[in-house]
Amino acid sequence: MAWSVCVVGSVALDSVETPSGNAPDILGGSASYFAVAASFLAPVRMVAVTGSDFPAGEREFLASRGIDLDGLVEVEGKTFRWTGRYHDDMNVRDTLDLQLNVFAEFSPQLPPAYRKSELMFLANIQPGLQSSVLSQLEDCRYSGADTMDHWIEGDREALESLLADVQLLSINDSEASLLTGERNMVAAAEAIRAMGPAALVIKRGEYGALLFTDDGVFAVPALPLAHVVDPTGAGDCFAGGMFGSLAASESLDGPALRRAVVYGSVLASFAVEDFGLNRLRTLSRADVTGRFQEFADLTRF
Ligand code: AMP
């Protein structure tokens with residue numbers, strides 16, 4: 001029996017434009033990506049909100065992954081919507097439209113059974129809401145959070161208060177610079193870890209990820225892929241793979257964290273191969289294991 005992972009975050013209908021094409025009104029959101037990725041490795045519970053327009057088929061898809069949806073509440077109104085366009089350099093994207101809709105009034109509540117989750121991930125939402133979830137937990141072994149430029153610039157106080165309470169932060173390199181004023185990632189990591197989280201993952205898109213802990217730094221490349229179709233949600237799938245791996249190994253020691261970062265890279269590498277969550281809809285556990293081995297071969301010397 002693995003530990004269970006609880007995630008709070010957004011469930012969205014995204015419209016995405018990349019150099020490979022367009023995908024309107026597809027399932028997205030930070031919690032959806034995280035939960036589906038983690039579900040390949042461990043039991044997952046999800047706390048989020050949808051509107052009455054949320055397709056029943058997408059809820060069924062999440063349930064088909066074994067995700068516990070007691071915390072996915074549906075309220076009258078429209079689901080959160082995000083529209084984004086990627087540049088030819090897919091590390092760069094513009095948010096063209098963002099409609100909070102039912103998310104504007106969202107106050108996440110953990111169902112009683114979720115309060116004893118061993119692992120908690122606070123996917124990207126307003127940092128005050130992330131803190132409110134953290135305060136509902138009992139006996140949580142490990143909590144991690146993600147954030148974005150929007151909150152670093154617009155809600156810094158709430159973000160700093162959250163950082164003091166989580167054990168891991170997962171952000172991308174430009175966000176690490178924005179948060180600390182440091183362009184150098186080693187300097188940025190030192191500054192962020194001084195704010196609270198003992199572990200820090202800095203995601204560097206196609207260049208991979210760095211894990212900073214008291215044991216030092218661990219680096220994992222991204223899998224070199226010939227075709228990246230849609231990078232949306234790669235960071236959330238990374239975190240899902242990472243927390244799923246920690247839950248499966250029931251350990252938080254140094255080797256478990258390193259292995260988890262590799263599983264994060266594995267799930268992220270699948271996510272970018274098609275629009276939205278499409279690649280993960282047909283993925284098997286054997287595919288995940290196979291690619292974990294590919295990462296081992298990629299880095300062995
Ligand atoms: P990522 O590519 O990891 O940044 O995640 C993209 C997902 O985050 C998309 O599916 C969006 O629906 C979702 N998203 C975008 N902006 C926000 C926001 N302000 N709050 C919560 N989720 C968001």
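Treat the numbers as computed from the prediction; the structure is a model and nothing was measured. We count ligands from 1, going down the list as the structure has it; atoms in each ligand are counted the same way.
- The CZ atom of Phe292 sits 7.0 Å away from atom CZ of Arg259, with the distance rounded to the nearest 0.5 Å.
- With Thr232, Leu129, Thr147 as candidates, the residue nearest to atom 6 (C) of ligand 1 on a non-hydrogen basis is Thr232.
- In this comparison of Phe80, Trp82, Phe34, the heavy atom closest to atom 23 (C) of ligand 1 sits on Phe80.
- Inspection of the Asp94 and His87 side chains reveals an N or O donor paired with an N or O acceptor under 3.5 Å.
- Protein heavy atom nearest atom 22 (N) of ligand 1, with residue, atom name and distance: Ser10 OG, 2.8 Å.
- Figure legend: cation-pi geometry between Arg65 and Phe40, with NZ or CZ positioned under 6.0 Å from the six-membered ring centre and within 45° of its axis.
- Distances below 4.0 Å separate heavy atoms of Met148 from the following atoms of ligand 1: 18 (C), 19 (N).
- In this structure, Arg59 fails the cation-pi test against Phe54, since its NZ or CZ atom is not both closer than 6.0 Å to the six-membered ring centre and inside 45 degrees of the ring normal.
- No side-chain N or O of Thr79 forms a donor-acceptor pair with one of Thr50 less than 3.5 Å apart.
- For Arg193 and Phe212, the positive end is not near the middle of the six-membered ring at less than 6.0 Å and at most 45° from its axis.
- In this structure, atom 20 (N) of ligand 1 lies nearest to the protein heavy atom Asn124 O, 3.7 Å.
- Under a 4.0 angstrom heavy-atom cut-off, Arg93 registers as being in contact with ligand 1.
- In this structure, Arg81 falls outside the shell of residues with a heavy atom less than 4.0 angstrom from ligand 1.
- Asp230 and Thr18 share no side-chain donor-acceptor pair at under 3.5 Å.
- Numbered from 1 in the order shown, with element, the atoms of ligand 1 that lie under 4.0 Å from a heavy atom of Ala12 read 12 (O).
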Report the C-alpha distance between Asp25 and Arg81 in whole Å, list the side-chain angles of each, state the deciding distance to 0.1 Å, and finish with yes or no for salt bridge (charged side-chain N to carboxylate O under 4.0 Å, His left out).
-> CA-CA 8 Å; Asp25 301 329; Arg81 280 177 181 265; 2.8 Å; yes
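- Using modelled atom types and a 3.5 Å distance limit, the side chains of Asn91 and Tyr207 yield no donor-acceptor pair.
- Side-chain polar atoms of Ser20 and Tyr86 form no donor-acceptor pair below 3.5 angstrom.
- Counting heavy atoms closer than 4.0 Å to ligand 1, residue His150 contributes nothing at all.
- Atoms of ligand 1 found under 4.0 Å from any heavy atom of Asp14, numbered from 1 in the order shown, are 9 (C), 10 (O), 11 (C), 12 (O).
- Distance from atom 8 (O) of ligand 1 to its nearest protein heavy atom, with residue and atom name: Ser30 N, 4.1 Å.
- Looking only at protein heavy atoms, the nearest one to atom 7 (C) of ligand 1 is Asp236 OD2, 4.1 Å.
- Any N or O atom pair closer than 3.5 Å counts here, and Tyr86 shares no such pair with ligand 1.
- Taking every non-hydrogen atom of Gly28 and a distance limit under 4.0 Å, the qualifying atoms of ligand 1 come out as 10 (O).
- Below 4.0 Å from some heavy atom of Tyr33 lie the following atoms of ligand 1, by number and element: 10 (O).
- Every N/O-N/O distance between Ile125 and ligand 1 stays at or above 3.5 Å.
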